Amino acid sequence: MLYLVEHFYSIQGEGKFVGTPSIFFRFGGCNLKCPSFGEYFVKGKIVYGCDTIRAVKRDLFQKEWKEIKDYKELIEILNDYLENLDFKPHIVLTGGEPLLYATDKSFYEFVKYLIENGFIVTIETNTTIEIDFEKYSAYKDVIFAMAVKLSNCGDPYEKRVNKKAIDKIVKNTKFSFFKFTLDRGLIETRAIDEIVDIVEPYPEVEIFCMPLGDKIDILKKHDKAVAEFCLIYGFIYSDRLHVRLWNREIRR
Ligand code: SF4
């Protein structure tokens, strides 16, 4: 069952394509919890974890989770946006963890349609799910934003790091990149060791580091430390432009 939580047209706020006009499709569900990533007050309850909480807590956001039965429903949504544009924006498939649906017929057919029609497609993933690139060859033309989680997310190493999944993406795609979320505490202790453990086999892959925080005040606690960290190690600083502009995680 494929669940779409929201879709919107905005600028990409993070990573390699920051500032690029993009249509976002946010899919529901995730295989991680990231319990250290946030604290939210939702419908009378305090909920911990995840910076896109409505895409992982189906019980709390049932109304937003729309079941997609056929990929043509996604194309209809896409066409509604395109009617008002005379250029091709980027398409971003995000979550939650969109690769939970990597083998789902509707999800894959949508990816295939986008690629066949010349769109630049980014899938934002925690990179824990292995893709069969031979069987699902359209993924070879997708750009994966590999947001591998570090220890500051609160999930154990064996859940959040899948080196086989990373290796398959790096070896089968051309422009995928790493995107790490860092905070001051991790930078002062073991951030570089954790990043090297993941990226060492892939010196050709770009590495973006961005500060933790889905609100400006939290972002400001970590942003300078992340910038200095990037200057020391030669990584690329990524801000969270949507947070800077609109606060919280809403990108409109
Ligand atoms: S991997 Fe991403 S979507 Fe999943 S729980 Fe962590 S922050 Fe949320």
Side-chain angles (χ1 to χ4, degrees), residues 1-8 12-16 22 24-42 45-62 64-66 92-102 104 107 122-131 142-166 169 176-183 185-186 191 194-195 198 208-215 218-219 222 226 238-243 247-251:
M1 208 80 77
L2 178 62
Y3 288 103
L4 183 68
V5 176
E6 63 175 350
H7 51 83
F8 52 92
Q12 172 57 279
E14 304 170 354
K16 192 180 179 97
S22 306
F24 291 79
F25 291 83
R26 188 184 300 287
F27 296 93
C30 189
N31 55 341
L32 295 185
K33 291 202 166 59
C34 298
S36 306
F37 266 0
E39 185 182 289
Y40 304 88
F41 195 65
V42 183
K45 279 187 188 170
I46 293 182
V47 185
Y48 295 95
C50 189
D51 49 11
T52 50
I53 197 81
R54 66 191 174 286
V56 297
K57 298 273 183 194
R58 190 173 160 210
D59 50 336
L60 291 174
F61 293 91
Q62 262 175 10
E64 283 95 333
W65 285 50
K66 181 178 183 276
V92 181
L93 309 182
T94 190
E97 175 45 56
L99 290 183
L100 285 181
Y101 303 110
D104 177 275
F107 184 85
T122 302
I123 293 184
E124 298 183 328
T125 173
N126 63 28
T127 331
T128 55
I129 294 170
E130 288 176 47
I131 298 171
V142 167
I143 299 166
F144 290 87
M146 296 183 285
V148 182
K149 297 294 172 276
L150 302 176
S151 61
N152 57 351
C153 85
D155 275 321
Y157 182 89
E158 52 286 357
K159 265 191 89 180
R160 63 184 163 78
V161 179
N162 180 343
K163 290 192 175 177
K164 267 195 191 166
I166 297 168
I169 288 179
S176 297
F177 57 92
F178 288 109
K179 188 177 75 169
F180 295 107
T181 299
L182 298 176
D183 64 86
L186 189 65
E194 292 191 15
I195 291 175
I198 292 160
F208 292 80
C209 295
M210 62 184 191
L212 179 77
D214 61 355
K215 287 194 287 185
I218 303 174
L219 214 56
H222 307 295
V226 176
S238 165
D239 208 25
R240 298 184 127 168
L241 189 55
H242 54 296
V243 177
N247 222 348
R248 277 283 180 193
E249 78 274 26
I250 309 259
R251 299 192 201 199

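The structure displayed is predicted, hence computed values, not measured ones. Just follow the structure's listing: the first ligand is 1, and inside any ligand the first atom is 1.
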Colleague: Do Arg160 and Ser151 have side chains that get closer than 4.5 Å, going by heavy atoms?
Modeller: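 Yes, side chains in contact.
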Colleague: What residue and heavy atom of the protein are closest to atom 7 (S) of ligand 1, and at what distance?
Modeller: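 Closest protein heavy atom to atom 7 (S) of ligand 1: Asp51 OD1, 3.5 Å.
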Colleague: Closer than 2.8 Å to atom 4 (Fe) of ligand 1, what protein N/O/S atoms do you find?
Modeller: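 As for protein N, O or S atoms lying under 2.8 Å from atom 4 (Fe) of ligand 1, they are Cys30 SG.
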Colleague: Between the main-chain N or O of Thr128 and the side-chain N or O of Asn126, is there a donor-acceptor pair closer than 3.5 Å?
Modeller: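 Judged by distance alone, yes, a pair lies under 3.5 Å.
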Colleague: First locate atom CD of Glu6, then atom CH2 of Trp65, and finally report the distance between them rounded to the nearest 0.5 Å.
Modeller: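 Between Glu6 CD and Trp65 CH2, I get 12.0 Å after rounding to 0.5 Å.
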Colleague: Can you see which heavy atom on Ser176 is nearest to which on Met146, and at what distance?
Modeller: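 Where Ser176 meets Met146 most closely, the heavy atoms are CB-CE, 4.3 Å.
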Colleague: To the nearest 0.5 Å, what is the distance between OG1 (Thr52) and CD (Glu97)?
Modeller: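 Rounded to the nearest 0.5 Å, the OG1-CD separation comes out at 10.0 Å.
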Colleague: Would you check if the side chain of Tyr3 reaches a backbone N or O of Glu64 as a donor-acceptor pair within less than 3.5 Å?
Modeller: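 Between the backbone of Glu64 and the side chain of Tyr3 there is no qualifying donor-acceptor contact (under 3.5 Å).
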